[in-house]
Amino acid sequence: QVQLVESGGGSVQPGGSLRLSCVASGSIFSSSAMGWYRQAPGKQRALVASITSGGSTKYLDSVRGRFTISRDNSKNTVYLQMNSLKPEDTGVYYCNQGATKPDYRGSWYYTPEDYWGQGTQVTVSS
């Protein structure tokens, strides 16, 4: 049974920072790619950041330079450091265990699997 548990969400003012954590259990964490998704009210869940088993990262254009995804395999944990937060960053953030597939240029893209955490709310407002 794969279990993912997110934590670290909260309410902050624009320009503030939060650090989200996701602890995985019941899986081979070190060999899995991981992703952070965001679901805003009335919108589809969207991939915000992803990281391969080797530590390569990719980001949604709107968060690049502000967010950092990282992992600590010794703790089975993936993190999302969020700086310079904007109101548009508001939503429920979900952790996902997935995989990577090669693209035609020799790079990779993230593919989610059906393993999700319960989500953690992030609210950015004045």
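Any value given below was found using the heavy atoms of this structure, including those in side chains, with hydrogens, waters and symmetry copies removed.
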Identified side chain to side chain contact (heavy atoms under 4.5 Å, CB included) partner of Tyr79 from the options Ile69, Asp72, Ile51, Thr68: Asp72
4.5 Å side-chain heavy-atom contact, Val5 and Gln118: yes
Path from Val92 to Leu4 over hydrophobic side-chain contacts below 4.5 Å: no
Sidechain-backbone polar pair: Thr77 side chain, Lys75 backbone, donor-acceptor under 3.5 Å: yes
Heavy-atom donor-acceptor pair, Asn96 side chain to Tyr115 backbone, under 3.5 Å: yes
Residues Gln121 and Thr123: side-chain donor-acceptor under 3.5 angstrom: yes
From Asn83, Leu80, Thr120, Leu85, residue fulfilling side chain to side chain contact (heavy atoms under 4.5 Å, CB included) relative to Leu18: Leu85
Salt bridge (charged side-chain N to carboxylate O under 4.0 Å, His left out) partners for Arg38, two or more places apart: Asp89
Nearest non-hydrogen partners of Ala33 and Thr100, listed with the distance: CB-CG2, 3.8 Å
Pairwise side-chain contact, Arg66 with Met82, heavy-atom cut-off 4.5 Å (strictly under): no
Separation between CZ of Arg71 and OG1 of Thr57, rounded to the nearest 0.5 Å: 11.5 Å
Which atom of Ser125 lies closest to which atom of Pro14, heavy atoms considered: O-CD, 3.4 Å
Backbone N/O of Asp103 and side chain of Ser107: donor-acceptor pair under 3.5 Å: no
Whether Gln3 side chain and Ser25 backbone form a donor-acceptor pair below 3.5 Å: no
Which atom of Gln81 lies closest to which atom of Ser17, heavy atoms considered: NE2-CB, 4.1 Å
Backbone of Leu20 reached by a side-chain donor or acceptor of Glu6 within 3.5 Å: no
Residue pairs involving residues 3-54 (criterion ring pair (Phe, Tyr, Trp, His ring centres under 6.0 Å); sequence neighbours excluded): Tyr37-Trp116
Pairs touching residues 84-114 that satisfy ring pair (Phe, Tyr, Trp, His ring centres under 6.0 Å), sequence neighbours left out: none
Exam field: side chain Thr111 to backbone Ala99, donor-acceptor pair closer than 3.5 Å: yes
Counting only pairs under 3.5 Å, give me each side-chain donor-acceptor contact of residues 42-50, with atom names and distances, residues two or more places apart or in other chains.
{"from": "Arg45", "atom 1": "NE", "to": "Gln39", "atom 2": "OE1", "distance (Å)": "3.3"}
{"from": "Arg45", "atom 1": "NH2", "to": "Gln39", "atom 2": "OE1", "distance (Å)": "3.2"}

Partners passing salt bridge (charged side-chain N to carboxylate O under 4.0 Å, His left out) against Asp61 (at least two apart in sequence or in another chain): Arg64
Qualifying salt bridge (charged side-chain N to carboxylate O under 4.0 Å, His left out) pairs, either residue in residues 10-24, two or more places apart: none
Nearest heavy-atom neighbours spanning Met34 and Cys22: CE-SG, 4.5 Å
